[in-house]
Q: 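I'd like to ask you about the structure that follows.
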Amino acid sequence: MSEEYLDDAEAMRALLDDYELDEEDLALVEGDIELAPVTVTWGKPVLAIIGRPNVGKSTLVNRIVGKRVAVVQDVPGVTRDRVRYDAEWAGVEFTVVDTGGWEAGVEGIDKAVAQSAEIAISEADAVMLVVDATVGAMTTDSQLVRILRRSGKPVVLAANKVDSEHGEADAAALWNLGLGEPYPVSALHGRGFGDLLDAAVRLLPEVSAVAPARPDTGPRRIALVGRPNVGKSSLLNQLAGAERVVVDDLAGTTRDPVDELIELDGEPWIFVDTAGVRRRVHLTRGADYYATLRTQSAIEKAELGLVLMDASEPMSEQDVRVVQQVIDAGRAVVVVMNKWDLVDDERRRDIDREFERELVQMQWVERVNLSATTGWHTNRLARAMRTALAGWDTRIATGQLNAFLGELQSANPHPVRGGKQPRILFGTQVANRPPRFVLFTTGFVDHSYRRFIENQLRREFGFIGSPVEISVRPRERRKKK
């Protein structure tokens with residue numbers, strides 16, 4: 001790192017000394033904490049932590065992982081509803097999945113969180129159900145037990161918030177849930193933690209039945225996604241040079257994700273063919289509902305989403321929703337306009353206008369026009385995917401980032417709001433895959449200014465084909481003694 005960058009970073013870091021910072025702030029500044037895992041864990045047994053809201057799941061996850069991990073992100077429109085972390089206990093390595101609180105009969109964001117928890121159950125080898133022993137088994141807990149029984153997954157019951165021997169009688173009452181022995185623990189203080197983890201790892205298999213096995217140096221994993229009948233299976237067969245998956249004009253032929261190892265430009269890639277995304281999850285029923293959940297899972301297990309659209313038809317709300325689904329999952333994106341052999345000159349001009357209008361906030365996505373049926377321009381895919389993944393992998397040195405932020409706000413300061421003008425004190429990149437940034441500021445930063453910062457980051461550093469997430473932490477000046 002150059003002397004200039006070091007000086008800029010140290011100068012902006014010094015500004016923070018005049019402001020109130022908690023332990024988590026200091027850990028972020030010093031690089032001792034990450035907001036999300038940098039890499040995807042492959043092949044290890046998976047333990048999902050499930051429970052209704054406010055029973056202490058995240059505290060228990062921190063205890064299992066052995067360090068503080070943060071799952072809250074200050075990014076408009078993005079909810080990281082479940083996050084995976086590496087863990088180890090008694091010589092057993094596994095993946096622990098933190099989830100949002102499960103509730104029945106809720107709507108909106110709460111419903112999305114509950115559905116995500118159910119997906120976590122289906123993607124786990126074993127489940128740890130966390131119940132608040134101080135209030136006992138609630139109706140919600142009993143409903144969740146029924147879901148767990150239907151899943152067929154082995155379950156260990158954690159009776160949390162038992163901070164002393166006096167609370168163990170409350171824990172014993174949870175035998176009534178019918179899941180076997182409740183393990184009294186205090187996630188906050190660590191009481192009873194060893195016995196609980198011993199029981200949990202006994203339920204985990206030696207080889208995971210749900211986690212894909214792949215070495216870290218192996219092929220990149222690509223999910224083929226899009227609404228029904230846009231040509232996902234046809235493209236997979238074209239790239240493979242063989243009929244690997246069933247192709248039919250009937251929309252919805254593919255129901256389960258299909259993995260194929262294919263070599264492009266001398267490099268191996270894992271392509272996952274998925275079911276077509278028909279509509280929002282809560283509007284689907286039966287087999288379509290489960291196919292949609294499997295598609296969501298395939299996106300989250302991938303590193304890049306290849307979003308196919310039918311170039312011969314106008315871009316629909318559903319097409320835009322699929323792109324957003326990949327972005328919300330934090331994955332790199334390449335948009336493929338398929339069936340280009342069916343497009344005339346007028347339609348091509350319309351497509352350009354649709355991109356500018358419908359994907360106005362996503363102009364950074366990579367785009368390839370091709371024909372899966374004839375193979376035209378399929379040779380351009382590998383280059384576009386490499387570019388998008390390079391943006392997804394990018395890390396910026398702290399000094400370089402703060403030099404950029406200093407110049408940015410000097411030339412384009414935040415607008416004055418209510419007589420106040422917030423300033424950026426310090427910035428740091430806390431993770432990549434996708435790139436995530438935390439900015440310490442003197443006040444609330446408008447979403448429009450955050451968008452401006454993101455656009456300037458992209459102009460300066462690239463990030464082509466990758467979402468960029470910016471979290472803002474307003475801090476108050478220290479009171480003089």
Side-chain angles (χ1 to χ4, degrees), residues 22-24 27 33 35-37 46-73 79-89 94-104 106 109-110 113-114 116-118 120-121 124 126-145 147-148 153-177 179-201 203:
D22 58 28
E23 291 183 6
E24 189 172 275
I33 188 172
L35 293 186
V46 178
L47 176 67
I49 312 299
I50 304 295
R52 58 184 178 80
N54 300 321
V55 294
K57 295 183 298 298
S58 294
T59 305
L60 190 56
V61 167
N62 289 342
R63 181 72 61 179
I64 295 172
V65 175
K67 60 181 179 181
R68 290 187 310 147
V69 286
V71 296
V72 176
Q73 299 180 24
T79 302
R80 299 289 299 180
D81 47 7
R82 59 192 184 279
V83 184
R84 296 167 174 80
Y85 299 99
D86 290 338
E88 184 272 336
W89 181 259
F94 59 98
T95 299
V96 60
V97 182
D98 190 12
T99 68
W102 186 91
E103 294 180 275
V106 289
I109 187 85
D110 294 329
V113 170
S116 178
E118 293 175 27
I121 294 171
V127 177
M128 179 180 291
L129 175 61
V130 185
V131 178
D132 184 344
T134 62
V135 299
M138 309 288 286
T139 301
T140 301
D141 296 314
S142 300
Q143 292 171 318
L144 191 47
V145 167
I147 291 175
L148 289 170
K153 300 296 174 74
V155 181
V156 60
L157 179 57
N160 194 25
K161 303 186 182 181
V162 180
D163 298 331
S164 67
E165 292 183 2
H166 300 294
E168 293 191 1
D170 296 330
L174 297 177
W175 276 95
N176 292 333
L177 286 173
L179 292 177
E181 180 181 359
Y183 288 84
V185 296
S186 171
L188 186 62
H189 303 295
R191 187 176 186 273
F193 178 74
D195 291 340
L196 174 65
L197 261 291
D198 285 343
V201 296
L203 299 179

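For this chain, numbers begin at 1 and follow the sequence in order.
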Q: Would a 4.5 Å heavy-atom cut-off, applied to side chains only, mark Val65 and Asp98 as touching?
A: no
Q: Has Asp195 got a side-chain atom pairing as donor or acceptor with Gly192's backbone, closer than 3.5 angstrom?
A: no
Q: Does any non-hydrogen side-chain atom of Ile50 lie less than 4.5 Å from one of Ile147?
A: no
Q: Please name the pair of heavy atoms, one in Trp89 and one in Phe94, separated by the smallest distance, quoted to 0.1 Å.
A: N-CE2, 3.9 Å
Q: Quick one: which of Val127, Leu129, Val97, Ile64 gives a side-chain contact (heavy atoms from CB on, under 4.5 Å) with Ile49?
A: Ile64
Q: Do the charged groups of Arg52 and Asp141 touch, with an N to O distance under 4.0 Å?
A: yes
Q: If you compare all heavy atoms of Lys57 against all heavy atoms of Gly101, which two are closest, and at what distance to 0.1 Å?
A: NZ-CA, 3.6 Å
Q: So do Val55 and Asn160 actually touch side chain to side chain, heavy atoms under 4.5 Å?
A: no
Q: So which atom in Ala199 and which in Val156 form the shortest heavy-atom distance, rounded to 0.1 Å?
A: CB-CG2, 3.9 Å
Q: Does a side-chain heavy-atom distance below 4.5 Å link Glu181 with Trp175?
A: yes
Q: To the nearest 0.5 Å, what is the distance between CG (Asn176) and OG (Ser142)?
A: 9.0 Å
Q: Quick one: pull up CD in Glu103 and OG1 in Thr139 and give me the separation to the nearest 0.5 Å.
A: 12.5 Å
Q: Could you go through Arg191 and Asp163, starting from their C-alpha distance and side-chain angles, then the distance that decides it, and tell me whether this counts as side-chain contact (heavy atoms from CB on, under 4.5 Å)?
A: CA-CA 7 Å; Arg191 187 176 186 273; Asp163 298 331; 5.8 Å; no
Q: Go through the steps to decide whether Leu179 and Val145 satisfy the test side-chain contact (heavy atoms from CB on, under 4.5 Å), and finish with yes or no.
A: CA-CA 8 Å; Leu179 292 177; Val145 167; 3.8 Å; yes
Q: If I take atom CD from residue Glu118 and atom CG from residue Leu148, how far apart are they, to the nearest 0.5 angstrom?
A: 10.0 Å
Q: Looking only at heavy atoms, which two atoms of Ala133 and Asp170 are closest? And how far apart?
A: O-CB, 3.3 Å
Q: With rounding to the nearest 0.5 angstrom, report the OG1 to CG distance, Thr95 to Leu47.
A: 9.5 Å
Q: If you compare all heavy atoms of Ala171 against all heavy atoms of Pro184, which two are closest, and at what distance to 0.1 Å?
A: CB-CB, 3.8 Å
Q: From Met128 CE over to Thr99 OG1, what is the distance, rounded to the nearest 0.5 angstrom?
A: 12.0 Å
Q: What heavy-atom pair brings Ala158 and Leu60 nearest, and what distance separates the two atoms?
A: CB-CD2, 4.4 Å
Q: Considering only heavy atoms from C-beta outward, does the side chain of Val185 approach that of Arg63 to under 4.5 Å?
A: no
Q: So if I apply the side-chain contact (heavy atoms from CB on, under 4.5 Å) rule between Lys161 and each of Val135, Leu188, Thr134, which one comes out positive?
A: Thr134
